[in-house]
A.B. asks: 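Sharing a structure with you now.
Just so you know, ligand 1 is whichever comes first in the structure, and atom 1 is the first atom listed for that ligand.
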Amino acid sequence: MKADIVVIGGGASGFAAAMAAKETAPAASVLIAERLPRTGKKLIATGNGKCNLSNMSLGSRNFHGSIDAMEIIGKTPDWHELFTDKLGVACATGSEGREGGVYPRSNSSTTVLNAIRLRLAALGVTELCECEITDIKPSNGGFTLTYSGGQIDCRRVIIAAGGYAAPSFGTDGGMLRILKSMGLKSEKICPAVAPLRVSPDRVKGLKGVRIKGEIAAFSGGRELRREKGEIQFNENNISGICVFNLAYLFQQYEGRLTLRADLAPDMTEDELAAYFRRLRSDRRGSTVEELLSGFFVKNLAVWLIKNVLGRSPAEPIESVSDHDIARLCSSIKAVDFEVTGCSPWQNAQSTMGGISADSVNDRLEASKYSGMYLCGEILDVAGDCGGYNLQWAWSSGTWAGKNAALSLKGGRK
Ligand SMILES: Cc1cc2nc3c(=O)[nH]c(=O)nc-3n(C[C@H](O)[C@H](O)[C@H](O)COP(=O)(O)OP(=O)(O)OC[C@H]3O[C@@H](n4cnc5c(N)ncnc54)[C@H](O)[C@@H]3O)c2cc1C
């Protein structure tokens with residue numbers, strides 16, 4: 001089998017790469033090779049089926065890793081140009097999830113996938129599914145790709161095979177291992193946009209508690225990043241979008257990362273103390289539990305009474321001293337959870353780490369292999385939760401596809 005350009009991976013970045021390649025070099029044959037029975041499986045699952053495809057506010061703060069994502073995003077069409085103008089997907093902003101998130105107006109990811117499919121078909125891009133590429137060899141100025149059904153010869157290859165996150169969608173890091181064996185450098189990986197593990201003993205009794213708060217990541221007493229939003233406690237981890245946005249830090253700070261939660265960010269310690277002192281006298285004759293029952297859900301109230309005050313919830317409310325209230329309030333404003341690990345890959349939405357900036361040039365072409373381009377999650381870029389990872393996939397895919405096609409037109413081998 002032969003094609004001018006083969007895109008390995010039928011996900012968001014592979015679609016963008018194939019569209020851009022064919023638009024740039026319409027005469028070139030472009031083939032998407034996808035290991036799963038269908039392309040776009042992960043895209044359908046994004047944003048809880050609603051596809052948070054970009055964000056109104058994109059900045060370097062939202063992207064992590066050695067590659068300058070914003071530089072490439074700045075060189076490619078924005079979401080409006082790509083989705084509304086070119087693909088005909090009407091979009092709405094800010095209606096769901098994170099502030100500034102861009103979604104299809106239909107609130108359905110199938111609208112996005114359908115529009116992409118129509119465009120790929122109109123352009124004449126072909127797909128080969130159940131085609132897992134297991135080997136890539138430079139040959140005759142191009143590449144020979146091996147899969148179970150045989151070999152594909154191509155002049156350019158675009159690797160859009162994703163990372164390790166959510167392996168049920170075809171991404172188990174296999175392609176990263178192939179690239180590493182070919183001498184490309186990969187930065188250390190860890191799950192991003194994912195929960196962070198804490199000791200089950202530390203969160204015993206908190207499972208299922210959700211609270212609007214603020215959470216900061218600390219290492220060695222230094223605050224690394226602070227996020228606001230819903231904090232969710234589980235049996236052995238803490239999740240919620242604000243924690244998801246701190247997970248990438250595990251790559252650099254493994255073993256020395258602490259989450260500090262503010263469980264009442266809208267109130268000062270003094271305001272909290274005044275509130276609890278008033279309640280203590282208003283609820284005279286009741287129990288310690290009733291000191292907190294008007295403020296927190298029961299499980300969190302009981303957890304604070306046991307872990308901060310070292311009391312039983314059934315003790316009389318009068319036994320709580322002013323000093324106890326002060327301790328309680330300082331813990332409500334800053335309660336620490338040591339991070340003991342990252343989440344399993346199946347609970348992650350993205351990959352921190354991947355093929356490093358050292359291994360690609362500014363056209364996203366592998367420095368060691370001219371004619372091989374990379375895009376999407378396989379590269380060392382992890383975006384925040386809120387449409388940033390898909391924006392990176394669209395932009396890096398478009399950029400890689402365009403450059404691969406231009407190199408054909410320019411007559412480079
Ligand atoms: C549940 C979930 C929800 C998400 N929601 C959002 C969201 O709302 N907004 C957002 O911005 N981001 C979201 N993300 C992240 C986003 O989906 C990814 O960052 C993005 O899909 C990455 O695109 P990609 O093209 O690099 O890789 P992928 O979309 O992972 O595609 C890679 C493709 O390559 C194929 N492949 C892998 N190896 C081979 C091989 N050897 N041969 C052939 N094919 C291969 C895989 O089967 C897969 O289809 C979500 C992720 C998950 C898991």
A.B. asks: Taking atom CD of Glu271 as the centre, report whether more than 12 heavy atoms of other residues, nucleotides or ligands fall under 6.0 Å from it.
C.D. replies: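 Buried by this count: over 12 neighbours within 6.0 Å.
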A.B. asks: Contact between ligand 1 and Ala12 is defined here as a heavy atom of the residue under 4.0 Å from a ligand atom; is it met?
C.D. replies: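 Under 4.0 Å: yes for Ala12.
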A.B. asks: Polar contacts were defined as any N/O atom of the residue lying under 3.5 Å from an N/O atom of the ligand; does this apply to Ala45 and ligand 1?
C.D. replies: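 Such a contact does not occur with ligand 1.
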A.B. asks: Give me the residue, atom name and distance of the protein heavy atom closest to atom 21 (O) of ligand 1.
C.D. replies: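 Protein heavy atom with the smallest distance to atom 21 (O) of ligand 1: Lys42 CD, 3.6 Å.
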A.B. asks: Pick one: which of Asn389, Asn62, Asn55 meets side-chain hydrogen bond (donor to acceptor under 3.5 Å, both in side chains) with Asp384?
C.D. replies: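 The single option meeting the side-chain hydrogen bond (donor to acceptor under 3.5 Å, both in side chains) with Asp384 is Asn62.
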A.B. asks: For atom 19 (O) of ligand 1, what's the nearest protein heavy atom and its distance?
C.D. replies: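 The protein heavy atom lying closest is Glu377 OE1, 3.1 Å.
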A.B. asks: Would you say Cys131 touches ligand 1, if touching means a heavy atom closer than 4.0 Å?
C.D. replies: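 Yes; Cys131 lies near enough to ligand 1 that a heavy-atom distance drops under 4.0 Å.
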A.B. asks: Report the nearest protein non-hydrogen atom to atom 24 (P) of ligand 1: residue, atom name, distance rounded to 0.1 Å.
C.D. replies: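 Closest protein heavy atom to atom 24 (P) of ligand 1: Ser13 OG, 3.5 Å.
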A.B. asks: Between ligand 1 and Arg35, is the shortest N or O to N or O distance under 3.5 Å?
C.D. replies: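 The answer is yes, given that Arg35 and ligand 1 share an N or O pair closer than 3.5 Å.
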A.B. asks: Which residue owns the protein heavy atom closest to atom 34 (O) of ligand 1, what's the atom, and how far is it?
C.D. replies: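 Of every protein heavy atom, Gly9 CA, 3.2 Å lies nearest to atom 34 (O) of ligand 1.
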A.B. asks: Would you check whether Asn52 has a nitrogen or oxygen atom less than 3.5 angstrom from a nitrogen or oxygen atom of ligand 1?
C.D. replies: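 Yes; at least one N/O pair falls below 3.5 Å.
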A.B. asks: Any nitrogen or oxygen of Met175 lying under 3.5 Å from a nitrogen or oxygen in ligand 1? Just yes or no.
C.D. replies: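 Met175 vs ligand 1: no N/O contact under 3.5 Å.
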A.B. asks: Checking a contact table here: which protein heavy atom is nearest atom 5 (N) of ligand 1, and how many Å away?
C.D. replies: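 Closest protein heavy atom to atom 5 (N) of ligand 1: Gly47 N, 3.0 Å.
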A.B. asks: From the options Leu379, Ile178, Ile133, select the one whose nearest heavy atom is closest to atom 42 (N) of ligand 1.
C.D. replies: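 Heavy atom nearest to atom 42 (N) of ligand 1 belongs to Ile133.
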A.B. asks: I'd like the name of whichever of Thr46, Val7, Thr39 reaches closest to atom 13 (C) of ligand 1 through any heavy atom.
C.D. replies: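 Considering heavy atoms of Thr46, Val7, Thr39, the nearest to atom 13 (C) of ligand 1 sits in Thr46.
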A.B. asks: Would you compute the distance between atom NZ of Lys188 and atom OG of Ser356 and round it to the nearest 0.5 angstrom?
C.D. replies: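 Those atoms lie 15.5 Å apart.
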A.B. asks: Is the closest N or O pair between Ser350 and ligand 1 shorter than 3.5 Å?
C.D. replies: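 By distance alone, the answer is no.
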A.B. asks: Tell me, which protein residue and heavy-atom name are nearest atom 4 (C) of ligand 1, and how many Å apart are they?
C.D. replies: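 Protein heavy atom with the smallest distance to atom 4 (C) of ligand 1: Gln349 OE1, 3.4 Å.
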A.B. asks: Nearest protein heavy-atom contact for atom 11 (O) of ligand 1: which residue, which atom, what distance?
C.D. replies: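 Nearest neighbour among protein heavy atoms for atom 11 (O) of ligand 1, to 0.1 Å: Leu390 N, 2.7 Å.
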A.B. asks: I'd like to know whether ligand 1 has Glu34 as a neighbour, heavy-atom separation below 4.0 Å.
C.D. replies: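 In this structure, Glu34 qualifies as a contact of ligand 1 - some heavy atom is under 4.0 Å.
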A.B. asks: Any atom of ligand 1 sitting under 4.0 Å from a heavy atom of Ala160?
C.D. replies: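 Yes; Ala160 lies near enough to ligand 1 that a heavy-atom distance drops under 4.0 Å.
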A.B. asks: Shortest non-hydrogen contact from Pro313 to Lys306?
C.D. replies: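 Closest approach of Pro313 to Lys306: CD-CE, 4.4 Å.
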A.B. asks: Does the Ser108 side chain pair with the main chain of Pro104, one donor and one acceptor, at a distance under 3.5 Å?
C.D. replies: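 No, because the side chain of Ser108 does not come within donor-acceptor range (under 3.5 Å) of the backbone of Pro104.
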A.B. asks: Nearest protein heavy-atom contact for atom 53 (C) of ligand 1: which residue, which atom, what distance?
C.D. replies: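 Looking at atom 53 (C) of ligand 1, the protein heavy atom closest to it is Ala166 CB, 3.4 Å.
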